[in-house]
2 protein chains.
Amino acid sequence: MKSSIRPEPSRKRQGASSASGRARARVTLETLARRLDLAPATVSRALNGQGARYRIAPGTVRRVLELARKLGYRPNPLARALRTHTSHSIGLVVPDIGNPFFAEIASSVADAARKNGYVLLLGDSQDSTDLERDTLGTMAERNVDGLVVCPVGLESKHICTLARSGRPLVLADRGVAPNQLPCVTADHAQGGRLAAQLLARLGHRRVGIIQGLPGTLPNEERRQAFESAWKQLVGQPVAVAGHAFSYESGVEAAEDLLRRFPDLTAWFVLCNVSARGAVEVLRRHGRNIPRDVSLIVFDDQPFSELLEPSWTVIQQPVRDIGRRAAERLFDLLRNRAKPTPTWERLSVRLVLRESVAPPGQSRIIEPTSLGTVRGSKAHASRGTV
Amino acid sequence: MKSSIRPEPSRKRQGASSASGRARARVTLETLARRLDLAPATVSRALNGQGARYRIAPGTVRRVLELARKLGYRPNPLARALRTHTSHSIGLVVPDIGNPFFAEIASSVADAARKNGYVLLLGDSQDSTDLERDTLGTMAERNVDGLVVCPVGLESKHICTLARSGRPLVLADRGVAPNQLPCVTADHAQGGRLAAQLLARLGHRRVGIIQGLPGTLPNEERRQAFESAWKQLVGQPVAVAGHAFSYESGVEAAEDLLRRFPDLTAWFVLCNVSARGAVEVLRRHGRNIPRDVSLIVFDDQPFSELLEPSWTVIQQPVRDIGRRAAERLFDLLRNRAKPTPTWERLSVRLVLRESVAPPGQSRIIEPTSLGTVRGSKAHASRGTV
DNA sequence: CTGAAAGCGCTAACAA
DNA sequence: TTGTTAGCGCTTTCAG
């Protein structure tokens, strides 16, 4: 039998409750337990669907559930986390949440988190490895159950350490050197090849690359794939400029190319933020796109097709990258399976628009067929990229 | 005197430690306490800079600090939160993190959080009041110390309730009806007036508005200010179409205006995401901007000036909005002052570019002087809006 | 100047 | 079928 009077817990020390005025006292497990004349443990089990396992009387379970609903009981996630070492939270760290690409990743990860009943901690590393290290540390000590990381990508020791400590972690977009970590990213090399093939087929011979942050995986794969394809197709070297995934870098790189290699007939720009800078420079110098310089830009964005000329781009499945990364993280969280360090490569598409043409010409005469997509509606709702 | 042997805490039940292989055991307060032969309480006080208040021997404090550093001790924020009811976390809820406007808000709030030693919980309400309510509830029960909310803006009861429960909360961008909550937002009415003045001065008479989500504060303020200025300046009614801050709404509204009011010579578009849709529709219908339709768009974005024609926009100080909202939140968190429900209005600017001209003309002949900014470099680094 | 002990709200091991 | 107890890691009375 159960005792029929439960002592009020001693409130001698902690002078809480109505003093601080914080609304009416929080409903806790103990509130329920006392009102139902049950032990907190029983209530806990009933609430957690452990009724069957512990063979709690169905009636009891029902009473518990009922009162819980009536009082609007919500378990305290912090207490639970402290006890169980699982916080039902995940972390997302990106190099720049203001960048539409990562904002879109965040959007899909946030969506997945919510659907799985997790909260999302957001960290912005501002493309600094030091900040990234700090942020990851903070999140780890906050007991996030897992992480999606779009790393800065220049150093990876802190990330590997974190992953080896047993915390599920999935990389997105930029991978890191020793491919021991699960990662979801675009097929950057494919993008590089598509760009090279298109320009080669249009008859370009002297071309340049405006790159992003050297040393990062997307940058290297895009550049190298383009260069090696170009070497094979055209047998010419490729000029390279640029130093960051930024507007400023785009401006400087464009000035640089115009000065050092004024005879280039096409540029492959590895980042659409930089591309903005590059295009402005071309305008200032009175160079016509595509007549003087053809342009292929990595990564699409909603305005690409509205620009004059519209941009030919390599389109990444941004939303899918985020979604898949989150899915894989939640798989890990559910199965506690050992993280297969598989790299998932999502296909890119070449979207052909007006910014490319044969050298010296203002438009493509006959549509090439390179498995490309004739540019049009690729973007729609809610300003997302 | 202190006892010189401290008993190992009983590890009978919790089979933790090395079994699960989770790296080496976490160093806790007790680890330190035992190795220093002190009570956990003393260590806690030393670590929390309470040494002075409790007059702990300076030597002791030093020893504690030293060992803590040596062992890389990091307090467990969850345990602390459970005990102190402050989590050192804040929440940010936005209607759409994929929208560059809110991504930029998120960027500045994330930055502020980090600088203040807080972590940031991110919630995306997807412009749904229900989701917003859920998200806010989740965050509240996670004990966030405070919130920055960019509400959907159609209903506010849940937000007011939350705020009245004593949790510091600052609104950003969209306010909510009973102006009892602190809020940081742009001066939307000023933007509406500037737009009206410009179009009036250029000689337009029949104009229309493509609005965003009706009933939300920015939408109503922009629209009403425009309409009332227009009435005063021109004495004509203003056509209105549109139903959301989305691309699709922009498309539909534009089709709608063209069909119902084909004689309009200028459109004021209250959302730059919708504007993209509107511009595409104009193109499809072969209407020239600005000759057939002049265009003013609310909210700038990096590509506005690269478009052909470049967009005349009302520019909001997005980053400042986020920064100020966060600052005000942290003021509240520090001072525990009662939240002054002041509404902070940040000025907007009219940036004059090529998408406006006198009716039937293709460009502005003589620059007007309306306190406007002649369009140019307003955007730069890292693809942020 | 320091320690013992209580307890934040919950869950898990063990006991009955 | 349920209760008792211990304890997650920390802070905070209260008692020296």
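As the structure is a computational prediction, the values presented were derived from the model and not from experiment. Within every chain, numbering begins at 1; the chains are lettered A, B, ... in the order of the sequence lines, protein sequences first and strands thereafter.
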Exercise. Just call it for A/A41: base, sugar-phosphate, or nothing, with non-hydrogen atoms closer than 4.0 Å on any strand.
Key: base
Quiz item: Side chain of B/A79: nearest nucleotide among D/dG9, D/dT11, C/dT11?
Solution: D/dG9
Quiz item: Distance-only, no hydrogens or angles: does the A/R80 side chain make a donor-acceptor pair with backbone N or O of A/H88 under 3.5 Å?
Solution: no
Quiz prompt | Presence of donor-acceptor pair under 3.5 Å, side chain of B/R45 and base of C/dG3 | solution = yes
Quiz item: Are OP1 or OP2 of D/dT11 and a side-chain N or O of B/T84 less than 4.0 angstrom apart?
Solution: no
Practice problem: Specify the separation, in whole Å, of atom NE2 of B/H85 and atom P of D/dT12. | Solution: 10 Å
Quiz item: Does atom CZ of A/R133 have more than 12 heavy-atom neighbours from other groups under 6.0 Å away?
Solution: yes
Practice problem: Using atom CD1 of A/I56 as one end and atom C1' of C/dT11 as the other, report the distance to the nearest whole Å. | Solution: 13 Å
Quiz item: Rounded to the nearest Å, what distance is computed from the CG atom of residue B/L78 to the C1' atom of nucleotide D/dT11?
Solution: 15 Å
Quiz item: Which comes earlier along DNA chain C counting from the 5' end, the contact point of B/L82 or that of B/V61, where each point is its nearest nucleotide?
Solution: B/V61
Quiz item: So, do B/L120 and A/L121 sit near enough that their side-chain heavy atoms are less than 4.5 Å apart?
Solution: no
Exercise. Using atom OH of A/Y73 as one end and atom C1' of C/dT11 as the other, report the distance to the nearest whole Å.
Key: 11 Å
Practice problem: Can you tell me the distance, in whole Å, between the CD atom of B/E141 and the P atom of C/dG9? | Solution: 14 Å
Quiz item: To the nearest Å, how far apart are B/R53 CZ and D/dT11 P?
Solution: 13 Å
Self-check item: Gap between atoms CG and C1', on B/L29 and D/dT11 respectively (whole Å)
Solution: 9 Å
Practice problem: State whether B/R80 places a side-chain N or O below 4.0 Å from either non-bridging phosphate oxygen (OP1 or OP2) of D/dT11. | Solution: yes
Practice problem: Give the rounded distance in Å between these two atoms: CD of B/E30 and P of C/dA4. | Solution: 12 Å
Quiz item: Using a cut-off of less than 4.0 Å, is there contact between a side-chain N or O of B/S44 and OP1 or OP2 of D/dC10?
Solution: no
Exercise. Determine: side-chain N/O of A/R83 to OP1/OP2 of D/dG7, distance under 4.0 Å, yes or no.
Key: no
Exercise. Report yes if at least one side-chain N or O of A/T60 is closer than 4.0 Å to OP1 or OP2 of D/dT2; otherwise report no.
Key: yes
Quiz item: In terms of side-chain geometry, is the basic nitrogen of A/R324 or A/E327 positioned less than 4.0 Å from the acidic oxygen of its partner?
Solution: yes
Quiz item: Counting only side-chain N and O atoms of B/N76, is one of them less than 4.0 Å from OP1 or OP2 of D/dC8?
Solution: no
Quiz prompt | Minimum-distance nucleotide to A/L38 side chain [options: C/dC10, D/dT2, D/dC10] | solution = D/dT2
Quiz item: Does a salt bridge link A/R63 with A/D37, judged by any charged N lying under 4.0 Å from a carboxylate O?
Solution: no
